[in-house]
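Let me begin by presenting the structure, written as structure tokens, before commenting on it.
Residues take their numbers from the sequence shown, with the count starting at 1.
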Amino acid sequence: MQTTFVRDAGATTPEGCTSASDVMQAGAYRVTGDLAGGRRPVRRTLWVPLIPAAFMLMVGLWGITRQNTMWRDEAATWQASRRSIPEIWHLLSHVDVVHGLYYLLMHGVFALLGEILVSLRLPSVVAMALASVITAKIGMRLRGATAGLCAGLALALLPAVQHYAQEGRSYALVAAGVAYATWLLTGLLCPTGSNSWLRWGLYTATIGCTAWLNWFALLFLPAHAVALCCVRPGRAVVLRWSLCSAVALAGTSPLILFSRGQSAQVSWIGPLTPGALTGPALLIAVGALCALFDGKRRPAVSGISPRALALPLLVIPQVVLLAVSVAKPLYIDRYILFSHLGLALLIGVAAARVHRSVARPWLTVAVGVVALGSVGLPAERRERGPESRVDDVIAPAHVVADTAHAGDGVLFIPAARRDTALVSPEKFSGLDDLALLESPAASGTLKGIEKTPECISLAIAHHRRIILVTDLRSSLTADQDRAKQDALDRYFVQVSDTPAQGRRVAVYERRQAPARSAL
């Protein structure tokens, strides 16, 4: 027997009712058939989240090696995750503790899949595909299947999402964690959902794990707090949410406190400028426009409207980080990549309303996706090439291998450019690192410990040919770097200078002593 729903006279269906339990809770229908007898109907919307997931996987795997390139942040993941577990712990005691859980996770990925570029970026691709699935499911809960489908596809089409879906860093995993926590919250606020301590515990664990991947993820908690204020679910729910958030914050506090001792790692972030505000302002404006387009509609059966959930998720992390950056510069868009989840949900809801107002809705959705993809195709192709990042650590290594001779000395200005040799050690075989005193692994650092300026100058003076790996525009801020350049200028002459994807490789040869005139 098939389940059917008979509409009661004068009843209305709240927006967002997408399942049998939703319409029963709404009181708009009488139920007859299998469901009335206790059997649950097969959901016809299971396919909705699968389409954004498949699309995100497709665009994420497209050109995943980026023409065999790797930029400096990914090089940090590469070298740290390839170390042994004790060496990783040693590293975290000095630098990058904020990425510690991610490095341990990637250590396992490399052990399982091998040390290749695909392994470096595949977790991010999968994480963004999961985020697309969860975003679609949240959209379904808020405004139905069409909104869910459009929200999931919108997330996959956002340029920032495609950028970090192909990067060997933790930001895509953080976005997936925030998406799952938001999905859990909507379920906990749903009048028909389970409000058990087990589910609250899962919500707490999700917050904690996501924060340990990068504790900037905790900026989504104020957004969830605003959502609760809009819903007003009752004192018991508010107390449970407050307790779970406090537990998660307490569990993350050791990471936050310890990472403050490594704050020099973000000293390169510059103060806010008017140009830096353009991106956040544009995102917030688009989100606000989509929220207004949704109109004054009743909240979904989940108990929360898209504006109450998605708009704070988009706006609050941006505003909080910008406000903090006034006192201490910290604003980098990738730190709050997860705020794009709110934008995708708002776009999905607005697109769903357009979908209902056109003659051929599904054809419109398909044409819209194809059109957006076509317009963004040049940018998407650029994202999958070396020019999408500020530099490439692999290209200079090839130049070194082509120009160096056995026994040559090699220098790096600044010392962090040693990552080129750490990622491609075979290209530097037979070369003498003149400034290195203690290796990165032994010193628990990413760039190693260098000799004193005097010792570096002495080592340079005893070589006849030296290879320099540096930036296109290098700044001499460390004493060791000034000593390197001074010794090169004093004893050597530059014979070649080759640009290499954001860096350059220069070859220096010993100056010839002037010949003495015969008496």
Could you go through Gln318 and Leu283, starting from their C-alpha distance and side-chain angles, then the distance that decides it, and tell me whether this counts as side chain to side chain contact (heavy atoms under 4.5 Å, CB included)?
CA-CA 10 Å; Gln318 302 274 354; Leu283 292 177; 3.9 Å; yes
Run Ile64 and Val125 through side chain to side chain contact (heavy atoms under 4.5 Å, CB included) and show every step you take.
CA-CA 9 Å; Ile64 191 172; Val125 175; 3.9 Å; yes
What's the verdict on side chain to side chain contact (heavy atoms under 4.5 Å, CB included) for Val59 and Glu380, showing C-alpha distance, side-chain angles and the deciding distance?
CA-CA 9 Å; Val59 298; Glu380 291 170 0; 5.8 Å; no
Between Ile269 and Tyr331, is the side chain to side chain contact (heavy atoms under 4.5 Å, CB included) condition met? List the steps.
CA-CA 8 Å; Ile269 301 177; Tyr331 186 85; 5.9 Å; no
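Although no hydrogens or angles enter the test, the distance criterion places no donor-acceptor pair under 3.5 Å between the side chain of Arg465 and the main chain of Val507. Formation of a donor-acceptor pair under 3.5 Å by the Arg66 side chain with backbone atoms of Gln166 is found in this model. A donor-acceptor contact shorter than 3.5 Å is absent between the side chain of His398 and the backbone of Ala395. Looking at Thr135, its side chain does come within 3.5 Å of a backbone N or O of Ala131 through a donor-acceptor pair. Checking side-chain atoms of Ser119 against main-chain N and O of Glu115 turns up no donor-acceptor pair under 3.5 Å. Panel note: side chain Arg503, backbone Asp471; no donor-acceptor pair is recorded below 3.5 Å. Distance alone, capped at 3.5 Å, places no donor-acceptor pair between the Ser259 side chain and the Val97 backbone. Formation of a donor-acceptor pair under 3.5 Å by the Asp497 side chain with backbone atoms of Arg504 is not found in this model. Between the Gln162 side chain and the Ala156 main chain, a donor and an acceptor come within less than 3.5 Å of each other. Looking at Gln262, its side chain does come within 3.5 Å of a backbone N or O of Asp96 through a donor-acceptor pair.
Nearest approach of Ile207 to Ala248, heavy atoms of both residues: CG2-CB, 3.4 Å. Shown here for Ile284 and Leu314, the closest heavy-atom pair between the two residues is CA-CD2, 4.1 Å. The heavy-atom pair separating Leu322 from Pro280 by the smallest distance is CD1-CB, 4.1 Å. Residues Ala459 and Lys451 come closest through the heavy atom pair CB-NZ, 4.4 Å. Heavy atoms only, all atoms of each residue included: Leu346 and Gly287 are closest at CD1-O, 3.5 Å. Nearest heavy-atom pair across Val469 and Arg417 is O-CB, 4.1 Å.
By the 6.0 Å contact criterion, CH2 on Trp183 is enclosed, its count of non-hydrogen atoms from other residues, nucleotides or ligands being greater than 12. More than 12 heavy atoms of other residues, nucleotides or ligands sit less than 6.0 Å from atom CZ of Arg482. More than 12 heavy-atom neighbours from other residues, nucleotides or ligands sit within 6.0 angstrom of CZ on Arg510.
Between Ser496 and Thr403 the shortest side-chain heavy-atom distance does not fall below 4.5 Å. Side-chain contact between Val118 and Leu113 is absent, with no heavy atoms from C-beta onward closer than 4.5 Å. For the pair Met128 and Leu337, the minimum side-chain heavy-atom distance is below 4.5 Å. Side chains of Phe338 and Leu219 form a contact here, defined as non-hydrogen atoms less than 4.5 Å apart. Contact annotation: the side chain of Leu105 never approaches that of Tyr103 to less than 4.5 Å [non-hydrogen atoms, C-beta and beyond]. Residues Leu422 and Trp78 are not in side-chain contact: their nearest non-hydrogen atoms beyond the backbone lie 4.5 Å or more apart. A 4.5 Å side-chain heavy-atom check between Arg418 and Glu450 finds at least one atom pair inside the cut-off. Residues Leu330 and Ser325 form a side-chain contact, since some pair of their non-hydrogen atoms from C-beta on lies under 4.5 Å apart.
Within the model, atoms CG of Leu255 and CZ of Arg260 stand 12.5 Å from one another, a figure rounded to the nearest 0.5 Å. A distance of 3.0 Å separates OG1 in Thr182 from NE2 in His224, rounded to the nearest 0.5 Å. In this structure, OG in Ser457 is found 7.0 Å from OH in Tyr491, a value given to the nearest 0.5 Å. Note that the CE atom of Met56 and the CG atom of Leu155 stand 7.5 Å from one another [nearest 0.5 Å]. Once rounded to the nearest 0.5 Å, the distance linking CZ of Arg334 with CG of Asp73 reads 5.0 Å. A distance of 12.0 Å separates CG in Leu341 from CD1 in Ile336, rounded to the nearest 0.5 Å.
Checked against Tyr335 for a ring-ring contact (aromatic ring centres under 6.0 Å, His included), the options Phe220, Trp215, Tyr164, Phe216 give a single hit: Phe216. Screening Leu117, Thr420, Asp419 against Met70 for a side chain to side chain contact (heavy atoms under 4.5 Å, CB included) leaves a single residue, Leu117. None of Arg389, Gln79, Arg121 except one satisfies the side-chain hydrogen bond (donor to acceptor under 3.5 Å, both in side chains) rule with Glu74; the exception is Arg121. Evaluated for a side chain to side chain contact (heavy atoms under 4.5 Å, CB included) with Leu411, the options Leu468, Asp433, Ile467 yield exactly one hit, Leu468. Checking Val178, Leu173, Leu101 one by one against Thr210, the side chain to side chain contact (heavy atoms under 4.5 Å, CB included) holds for a single residue, Val178.
A donor-acceptor contact under 3.5 angstrom links the side chains of Thr77 and Arg169, judged on distance only.
Ring pair Phe412/Phe428 is tilted by interplanar angle, where 30° to 60° counts as tilted. Between His90 and His94, the angle of the ring planes goes over 60°, which puts this pair in the perpendicular group of the 30/60° scheme.
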